[in-house]
Peer 1: 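Here's a structure for you.
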Amino acid sequence: MSTRTKGAAAAPAQPRTRAEFDRTEHNALVAGDEIYFVMERDNALHVLSSRCPHRGGPLHLGDVEDGRLVCPWHGGSFPVARLCDRSHPSVRVGNTVTVYLPAGDVPPVPVHTMVRASEAGANAA
């Protein structure tokens, strides 16, 4: 008789909320205290959390240097490719972007704000 070990049970899916915005008019979403910004890399659109995991700094105000996004608060950097791999699920059809963000008490609102994390610098990676 053989014993088969099964893998650990999958974690329950995180509740998500759907948001849509026009890419020509908006480059970020605000949901309560959270900001999510849009970065384009290799002709793909990515919606990223702006909160630095170290100190909570606004990553959308960071610069992209040598394929890394630099936090404006403490100078720590993150590989753009890794950030984009961990972006929120999104689809772009024409100029309309649909994204699924973590569900919260406040629905996401599309905004246009300063985003220093440049698309050109992101494509350099």
Side-chain angles (χ1 to χ4, degrees):
M1 175 167 97
S2 68
T3 305
R4 178 179 277 173
T5 304
K6 292 186 177 183
Q14 180 183 20
R16 298 227 172 231
T17 188
R18 179 177 183 230
E20 283 189 358
F21 61 95
D22 184 328
R23 177 66 175 118
T24 62
E25 296 178 18
H26 305 102
N27 61 358
L29 294 147
V30 176
D33 293 336
E34 296 296 324
I35 298 174
Y36 302 91
F37 69 100
V38 174
M39 177 180 281
E40 290 191 38
R41 179 175 182 266
D42 298 331
N43 297 318
L45 183 133
H46 304 276
V47 179
L48 307 170
S49 174
S50 185
R51 185 181 301 261
C52 172
H54 299 128
R55 300 212 179 133
L59 292 177
H60 69 284
L61 297 179
D63 291 316
V64 176
E65 299 172 0
D66 297 322
R68 299 178 71 84
L69 178 57
V70 180
C71 176
W73 281 10
H74 66 86
S77 65
F78 307 90
V80 169
R82 183 170 22 135
L83 291 172
C84 290
D85 287 345
R86 296 178 180 178
S87 64
H88 297 281
S90 62
V91 174
R92 175 174 39 185
V93 177
N95 290 325
T96 301
V97 177
T98 303
V99 61
Y100 291 88
L101 300 172
D105 296 334
V106 179
V109 176
V111 297
H112 187 84
T113 188
M114 178 196 293
V115 175
R116 289 184 50 116
S118 73
E119 296 167 5
N123 284 322

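The figures that follow rest on heavy atoms only: side chains count, while hydrogens, waters and symmetry mates do not.
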Peer 1: Membership question, hydrophobic clusters at under 4.5 Å side-chain separation (ILVMFWY): are L48 and I35 in the same one?
Peer 2: no

Peer 1: Report the residues that fulfil side chain to side chain contact (heavy atoms under 4.5 Å, CB included) with H112, sequence neighbours left out, ordered by chain and then residue number.
Peer 2: N27

Peer 1: Are P58 and W73 side-chain neighbours, meaning at least one heavy-atom pair lies under 4.5 Å?
Peer 2: yes

Peer 1: Give a yes or no answer on whether the side chain of H74 reaches the backbone of G76 with a donor-acceptor pair at less than 3.5 Å.
Peer 2: yes

Peer 1: Once side-chain hydrogen bond (donor to acceptor under 3.5 Å, both in side chains) is applied, do any residues pair with S87, and if so which ones, sequence neighbours excluded?
Peer 2: H46

Peer 1: Is the CG atom of D85 crowded by more than 12 outside heavy atoms at less than 6.0 Å?
Peer 2: yes

Peer 1: Can you measure from SG (C84) to CE (M39) and round to the nearest 0.5 angstrom?
Peer 2: 6.0 Å

Peer 1: Working to the nearest 0.5 Å, report the span between CD of E34 and OG of S49.
Peer 2: 5.5 Å

Peer 1: Is V70 linked to L83 within one hydrophobic cluster, defined over Ile, Leu, Val, Met, Phe, Trp and Tyr using a side-chain heavy-atom separation of less than 4.5 Å?
Peer 2: no

Peer 1: Side-chain contact, heavy-atom cut-off 4.5 Å: F21 with V38?
Peer 2: yes

Peer 1: Would you say F37 and V30 are hydrophobically clustered, going by side-chain heavy atoms of ILVMFWY under 4.5 Å?
Peer 2: no

Peer 1: Can you list everything that forms a side chain to side chain contact (heavy atoms under 4.5 Å, CB included) with V106? Sequence neighbours excluded, please.
Peer 2: none

Peer 1: Atom OH in Y36, atom CG in L29: separation rounded to 0.5 Å?
Peer 2: 9.0 Å

Peer 1: Using the test side-chain hydrogen bond (donor to acceptor under 3.5 Å, both in side chains), find all partners of T113 that sit at least two apart in sequence or belong to another chain.
Peer 2: none

Peer 1: With sequence neighbours excluded, tell me which residues meet salt bridge (Lys or Arg N to Asp or Glu O under 4.0 Å) with R86.
Peer 2: none

Peer 1: Could you give the distance from CZ (R23) to CD (E40), rounded to the nearest 0.5 Å?
Peer 2: 4.5 Å

Peer 1: If I take atom SG from residue C52 and atom CZ from residue F78, how far apart are they, to the nearest 0.5 angstrom?
Peer 2: 4.0 Å

Peer 1: Keeping the roles fixed (side chain from S50, backbone from L59), state whether a donor-acceptor pair exists under 3.5 Å.
Peer 2: yes

Peer 1: Please enumerate all residues that pass side-chain hydrogen bond (donor to acceptor under 3.5 Å, both in side chains) together with S90, with sequence neighbours excluded.
Peer 2: none

Peer 1: According to a hydrophobic-cluster definition based on side-chain heavy atoms being under 4.5 Å apart (Ile, Leu, Val, Met, Phe, Trp, Tyr only), do V111 and V97 belong together?
Peer 2: no

Peer 1: Can you run down the salt bridge (charged side-chain N to carboxylate O under 4.0 Å, His left out) pairs that involve residues 97-112, sequence neighbours left out, and say none if there aren't any?
Peer 2: none

Peer 1: Kindly write out the residues that satisfy side chain to side chain contact (heavy atoms under 4.5 Å, CB included) with P79, not counting sequence neighbours, or none if the list is empty.
Peer 2: R68, R82

Peer 1: Suppose we screen for side-chain hydrogen bond (donor to acceptor under 3.5 Å, both in side chains). Which residues come up paired with D22, at least two apart in sequence or across chains?
Peer 2: T24

Peer 1: How would you list, by chain and number, every residue that makes a side chain to side chain contact (heavy atoms under 4.5 Å, CB included) with R16, sequence neighbours excluded?
Peer 2: Q14, H88, P89, Y100, P102

Peer 1: Which heavy atom in P108 sits nearest to a heavy atom in A31, and how many Å separate them?
Peer 2: CA-CB, 3.9 Å

Peer 1: List, by chain and number, the other hydrophobic cluster members for M114, where Ile, Leu, Val, Met, Phe, Trp and Tyr join if side-chain heavy atoms come within less than 4.5 Å, directly or indirectly.
Peer 2: L61

Peer 1: Linking Ile, Leu, Val, Met, Phe, Trp and Tyr by side-chain heavy atoms under 4.5 Å, what else ends up with V93?
Peer 2: V91

